Amino acid sequence: MSYASNKLLFPYSRKGRLVFFFSIFWFLSGSFLFLHTLILKNHIQEQQIQTAERALRTYFEHNGGVSGTHLSLQNDLPYQLDFIRLVSGKDQLLITGNSRMDFSGLVELNPLEQGAWIDLKRPKKQGNWLLVSQTLANGSIAQAGKNDSGSGLAIYKKSVTDAYWFFILSGVIALGLAFLSASLIRYPLRQLESDIEKGLKQKSLLFQESREQLDDLAPLYHLLEQIFFQNRQLIQEIQSSLDNVAHDLRTPMTRLRAVAEYALQSDRNEPQLYRSALSDCLEESERVLSMLKVMMSVAEAEAGTMRLELQEIDVLKTLEDVVGLYQYVAEEEQITVSCTGESGVLVQADKTRISQVWANLLDNGIKYGHESGNVTITAERDNGEAVIRFYDDGMGISETEINRIWDRLYRGDRSRTKQGLGLGLNFVKAVIEAHGGRVLVTSSLQEGSCFDVRLPLHHGATQKS
Ligand code: ADP
């Protein structure tokens, strides 16, 4: 069997989701990095402008011109500045400290322009400029500048480029590593998948080799083997149960058919014969119907959908009623049935279902008992529970069978000579558990069995105990 056709489309597959979440994470990190570089840029620019402004102010202070009206420009330019330009109306004065630079383009520059990393267009090939501007007391405008090539902007650009490269490379590497580790993690699972596929084809799931190779998956392999083994056992049981059902249904159905055929072939003027044939048919069909009903009840109880009509019932009373019904059968088998116990042991239960449980346990006790044997039934209170015990001194149950008697359609090997469907105990267990109780069995071969049913006492009754 191949699951290739069931594969999800890439966007919805695990890989697709991995890429999707990774892209979101990457996009957010990228945005964060971008914001960070913007903040860094503003910060560097602000610092540069402040330094240049301070240098310009200090220069004029030393030359008596910030607040005064008389300038005497005698000092050299500070190293933070490459030029100072004084503009008063149409007159311009340029003070430079760097004779190798071409300052001719400054003539057209707006004297109030300032900022960092400004591309002046002219003079060309001299990089970006830092410009600050100040109005002096005499009304003229002082504009100062510093060529920025090789310093702040270049360092900023280089670090931003490096950061982006690092970001892209680390993203690609991280994504690659994520895929690699995902496929490494998937490797043993793929191995497991192919082992199961192989095992299913060969109808045998024994993973000895893989279990040794992939020792971290050994417990999983072991569990799979167990599941497979249990399934095989279950299938075998279902097959043998189906055989049993077919066998048990065949007898009443064959009888029904034979009676009907016989009646049809006989003389038409014998209404008495028809009557008796119809009555036999009715009896057999009742039998088949009751078998099917039990099967359905068990299925309902196991699925938790059995409807219980709960009422307060006296356990001993219901037991005595059932014993009364089985008196005739017990006498036929020469078995003595006795029923003793405390009266007033009350439980909340569905009377019909509980009586069916008692009937099944008593029926088994008689069916699997010895000639002239005994079946003893007791009812008492114990620790807030009603305890009902069915003892018999019959054939008993072997150790190998005792855990299987509760299974649906299971019949003991030595019980085949007796009529039965293998549904009785399954029904008993399902109904008792549906009432919140439990049922246990102890037995010894050829000595007898004891079925121990425990039901929660009805509240009013617990206080009496
Ligand atoms: P059935 O009686 O139709 O076979 P049950 O579910 O009632 O089905 O019982 C299952 C099996 O448990 C029986 O086939 C029998 O082997 C064993 N069993 C049940 N009750 C007794 C008993 N009282 N003594 C011995 N064996 C029993």
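Small disclaimer: the values here were computed from a predicted structure and weren't measured. Order of listing sets the numbers, starting from 1, for every ligand and every atom in it.
Side-chain contact between V259 and E284: absent, with no pair of heavy atoms (C-beta onward) separated by less than 4.5 Å. Within the 4.5 Å cutoff, no side-chain heavy atoms of S415 are placed close to those of K367. The shortest distance between side-chain heavy atoms of V431 and Q356 does not fall below 4.5 Å.
Numbered from 1 in the order shown, with element, the atoms of ligand 1 that lie under 4.0 Å from a heavy atom of F451 read 20 (N), 23 (N). Taking every non-hydrogen atom of G422 and a distance limit under 4.0 Å, the qualifying atoms of ligand 1 come out as 1 (P), 3 (O), 4 (O), 6 (O), 8 (O). Close approach of ligand 1 to L425 (heavy-atom distance below 4.0 Å) involves ligand atoms 5 (P), 6 (O), 7 (O), 9 (O), 12 (O), 19 (C). Less than 4.0 angstrom separates some heavy atom of G420 from each of these atoms of ligand 1: 3 (O). Near L423, meaning under 4.0 Å from any of its heavy atoms, are these atoms of ligand 1: 6 (O), 8 (O).
For N383 (side chain) and E385 (main-chain N/O), no donor-acceptor pair under 3.5 Å exists by modelled atom type. A donor-acceptor pair under 3.5 Å is formed between the side chain of D393 and the backbone N or O of N374. R381 contributes no side-chain N or O that, together with a main-chain N or O of E342, makes up a donor-acceptor pair within less than 3.5 Å. Judged by distance alone, the side chain of D82 and the main-chain N or O of G145 form no donor-acceptor pair under 3.5 Å.
Here the heavy atom of the protein found nearest to atom 12 (O) of ligand 1 is I405 CG2, 3.2 Å. The single protein non-hydrogen atom nearest to atom 26 (N) of ligand 1 is I397 CG1, 3.3 Å, given as residue, atom name and distance. The nearest protein atom to atom 23 (N) of ligand 1, hydrogens excluded, is given as D392 OD2, 3.0 Å; this is a heavy-atom distance. Counting protein heavy atoms only, atom 15 (C) of ligand 1 is closest to S415 OG, 3.2 Å. Closest to atom 27 (C) of ligand 1 among all protein heavy atoms lies Y368 CD1, 3.5 Å. Considering only non-hydrogen protein atoms, atom 4 (O) of ligand 1 sits nearest to R411 NE, 2.6 Å. Shortest contact from atom 14 (O) of ligand 1 to any protein heavy atom: G412 N, 2.9 Å. Atom 7 (O) of ligand 1 has its closest protein heavy atom at N364 ND2, 2.9 Å.
Between R389 and E380 there is a salt bridge, since at least one side-chain N of the basic residue sits less than 4.0 Å from a carboxylate O of the acidic one.
Using a 4.0 angstrom heavy-atom cutoff, G396 counts as in contact with ligand 1. Judged by the shortest distance from any of its heavy atoms, F390 lies outside the 4.0 Å radius around the atoms of ligand 1. Within the 4.0 Å heavy-atom cutoff, K367 counts among the residues contacting ligand 1.
Between Y391 and T378 the shortest heavy-atom distance is CE1-OG1, 4.2 Å.
One finds the CD1 atom of I44 at 6.5 Å from the OG atom of S159 (value rounded to the nearest 0.5 Å).
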